[in-house]
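Let me begin by presenting the structure, written as structure tokens, before commenting on it.
Order of the sequence lines fixes the chain letters, A, B, ..., with proteins taken first and strands second; residue numbering starts at 1 for each chain. Computed from a predicted model, the values in this text were never measured in an experiment. Reckoned from all heavy atoms, side chains included, excluding hydrogens, waters and symmetry mates.
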Amino acid sequence: MSDIRVRIAPSPTGPLHIGTARTALFNALFARRHGGTFILRLEDTDVARSTTAFEADILDGLHWLGLGWNEGPNVAGGDDHGPYGPYRQMQRLERYAAATAALLARDLAYPCFCTPDELEADRTAQEAARRPPRYVGRCAALTADERASRVAEGRLAVTRFRVPPGVIGFEDAVRGRVEIDTANLGGDFVIVRADGTPLYHFTVVVDDAAMRISHVIRGEDHLSNTPKHILLFRALGYPEPVFAHLPLILNPDRTKMSKRKSQTAISDYIAQGFVREALVNYLALLGWSTGTEEEILSFDEIAARFDLDHVQKGGAVFDRERLEWLNGQWIRRLDDEDLITRLEPFLEAEHVAGRIDRTPTGDEIRTVLPMIRERLPTLGAVGELIGFLWVDDLRVEADALPPRRWDPATTRDGLAAARDVVAGTSPVTFEADELEPPMRALAEARGWKAGDLFMAIRVAVTGRTATPPLFDTLVALGRERVLARLDRAIATLSGGAA
RNA sequence: GCCCCCAUCGUCUAGAGGCCCAGGACGCCACCCUUUCAAGGUGGAGAUCAGGGGUUCGAAUCCCCUUGGGGGCACCA
């Protein structure tokens, strides 16, 4: 292993977000490409919003994507592994406390007694004066006596980091040189809350240093905050990692992708039947490219080609249609047993939802695989596609039965004639090859267009106008059920209720 | 308001001075295949490379300005 160490540091305050997954993927790819270590650290210092359920969703989602980590939590709410643990920030409080004490001792940070109301008033005044919001420094120069008296009053203090004047510059691995004047950082910022819990900008630096992170690869939304982190790295005497800021994933209106405007939870994509290969492939190509025209690529193939130089700088709109296309590509590439395994939970769900009457066996799924493979944009589409195979009591409305060019009477005649053809076939073999010729002959004999006859049969036995090839469908249904469904349709058209 | 980042077909992108009056993919439109739906094949429409100045024999590629878009500025992460 090289000394390249990268991490994904999600906050368990929501389900695994597509943006977090993409950042995790890029970090994992970078680690794989360079033989480095990929670390997962949970940033759970927002105790009020963090939950074990979200933690589980994040861990499960990352595992599902195939993005395993070399160091980090093992299970939600459980223990972890790796030489730099623990990997949950709330279990690392003493480290932040020590770092805080060090900063306080050197007066690089100070206690601030300003109340939320005072700060709010400051911000309101600044906004009214059309000035950028920043901490005014009311507590920056308090004497020891003044601090003591405030403490005596029982007032709680946060800890603020002193932002020194100057320009902070760094070499971003995707954007090149970036320079920001510390005067634009918003003043001395809070690193520890009044209740003693540390804040993100502080913990991220303490931990990235403690965990020996060599490359911080994260979203562009952190670019402006990077000077704060660099200031902290320096104040604490830690070496600075290399920073790489990835372009944001955007809503169709080009704003930062959000739950309000897009589907952002990975679990939702999983539930709809997207396969990991497609998601990984799609996400990798969102903001990065091989530099060639290759595009259907596995994680390993991408990792072999991955580099930060080809990372795009501008944000990328999330295009679900392209994801669906890629998903279809990957579904077609899965081998039979794999596809069956992945389809099973979706068929099970169809059953549970009551849309089909039983869950088909693996063997049953295997027999229909050739006719559905090319027709599945997602695994979740399987019910719509062939659910009619496992419905006991299919009923089709009379209005739906006639093909475009046929009237009800013709349709009834056509179905009756078709029924005779089916009835005349051998009950033992019942193959598509022995069904099609006589049906075509029938259509020709009666002067019907074969397509119309086929459509009438299709709707009668499946209830749908779009299905896999008709004769394969009839075979899958079986002779007896085809006869029964044709009978019922004929009865329906005859005015009976069957 | 201030700071930072960004800017090639509707979308994802190739392009690191001449190979580009800009290539690929998704989507869209035709046609082929075809019993429907897909898949697949072929072809097409679609970007004066945001605009304007430079630099250069030559710029999508380098520089500047403008415009536009985005992000950040919490006792959220």
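Separation of the P atoms belonging to B/A77 and B/G70 is 26 Å when rounded to the nearest angstrom. Look at the C1' atom in both B/C9 and B/G23: the space between them is 12 Å, to the nearest Å. With both ends at atom C1', the span from B/A25 to B/U55 equals 36 Å, rounded to whole Å. Nucleotides B/U56 and B/U61 are separated by 13 Å at their C1' atoms, to the nearest Å. Nucleotides B/G46 and B/G27, compared at atom C1', are 11 Å apart to the nearest Å. For the P atom pair drawn from B/A59 and B/A22, the interatomic distance equals 16 Å after rounding to whole Å. Comparing the C1' positions of B/U8 and B/G15 gives an interatomic distance of 9 Å, to the nearest angstrom. As rounded to the nearest Å, B/G58 and B/C2 have P atoms that lie 39 Å from one another.
At a cut-off of 3.5 angstrom, the base of B/G71 holds at least one donor-acceptor pair with the side chain of A/Ser224. In terms of polar N and O atoms assigned as donor or acceptor, the side chain of A/Arg440 never comes within less than 3.5 Å of the base of B/U35 in a complementary pairing.
B/C76 atom C1' lies 14 Å from atom CZ of A/Phe54, rounded to whole Å. With rounding to whole Å, A/Leu223 atom CG is found 8 Å from B/C6 atom P. Taking atom CZ of A/Arg322 as the reference point, atom P of B/G27 lies 9 Å away to the nearest angstrom. In this structure, the CG atom of A/Leu286 is 12 Å from the P atom of B/A14, given to the nearest Å. Rounding to whole angstrom units, CG of residue A/Leu474 and C1' of B/U35 are separated by 11 Å. The nearest whole Å value for the distance from the CZ atom in A/Phe161 to the C1' atom in B/C75 is 17 Å.
Residue A/Asn225 is classed as a base contact, given a heavy-atom separation below 4.0 Å to a base. Residue-level contact check: A/Gln329 touches the backbone only, with heavy atoms under 4.0 Å from sugar-phosphate atoms and none from bases. At a threshold of 4.0 angstrom between heavy atoms, the contacts of A/Thr467 include nucleobase atoms, whether or not backbone atoms are also involved. Within the 4.0 angstrom heavy-atom criterion, base atoms lie near A/Val158. If you check every strand for non-hydrogen atoms under 4.0 Å, A/Arg375 touches a base. At a threshold of 4.0 angstrom between heavy atoms, the contacts of A/Arg134 with the nucleic acid are absent. A/Thr255 comes within contact range of the sugar-phosphate backbone alone, with a heavy-atom separation under 4.0 Å but no base atom that close. Here A/Gln126 lies out of heavy-atom contact (under 4.0 Å) with every strand. Base engagement by A/His222 is indicated by at least one non-hydrogen atom pair under 4.0 Å involving a base atom. Across all strands shown, A/Gly287 has heavy atoms under 4.0 Å from sugar-phosphate atoms exclusively, and none from any base. The residue A/His310 sits close only to the backbone: its heavy atoms come under 4.0 Å of sugar-phosphate atoms, none of a base. Among the atoms of the strands shown, only primed sugar atoms or phosphate atoms (P, OP1, OP2) are found under 4.0 Å from some heavy atom of A/Ala316. A/Glu179 comes within 4.0 angstrom of sugar-phosphate atoms only, judged by non-hydrogen atoms across all strands, and of no base. At a threshold of 4.0 angstrom between heavy atoms, the contacts of A/Pro468 include nucleobase atoms, whether or not backbone atoms are also involved.
Searching all strands for a Watson-Crick or G-U wobble partner of B/A60 with both distances below 3.5 Å returns nothing. B/A25 is paired with B/U11 under the criterion used here, namely a Watson-Crick or G-U wobble arrangement in which both key atom distances are under 3.5 Å. The nucleotide B/C2 finds its pairing partner in B/G72, both defining distances of the Watson-Crick or G-U wobble pair being shorter than 3.5 Å.
A heavy-atom distance below 4.5 Å is found between the side chains of A/Leu93 and A/Pro198.
Between A/Glu220 and A/Lys313, no side-chain nitrogen of the basic residue sits less than 4.0 Å from a carboxylate oxygen of the acidic one, so the salt-bridge criterion is not met.
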#### Entry: A/Phe454/A/Phe471 under ring-ring contact (aromatic ring centres under 6.0 Å, His included): CA gap, chis, key distance, verdict
CA-CA 9 Å; A/Phe454 295 173; A/Phe471 300 104; 5.1 Å; yes

#### Entry: Working for ring-ring contact (aromatic ring centres under 6.0 Å, His included), residues A/His222 and A/Tyr200
CA-CA 11 Å; A/His222 288 297; A/Tyr200 167 76; 5.4 Å; yes

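Of all nucleotides listed (B/C75, B/C26, B/C3), B/C26 comes nearest to the side chain of A/Trp325. Relative to the side chain of A/Phe471, the nucleotides B/G70, B/U13, B/U35 differ in distance, and B/U35 lies closest. For A/Asp46, whose side chain is taken as the heavy atoms from C-beta onward, the closest listed nucleotide among B/G71, B/C76, B/U11 is B/C76.
Outside the 6.0 Å centre-distance limit, the rings of A/Tyr282 and A/Phe274 are not counted as a close aromatic pair.
Using cut-offs of 30° and 60° on the angle between ring planes, the pair A/Trp288 and A/Phe306 is tilted.
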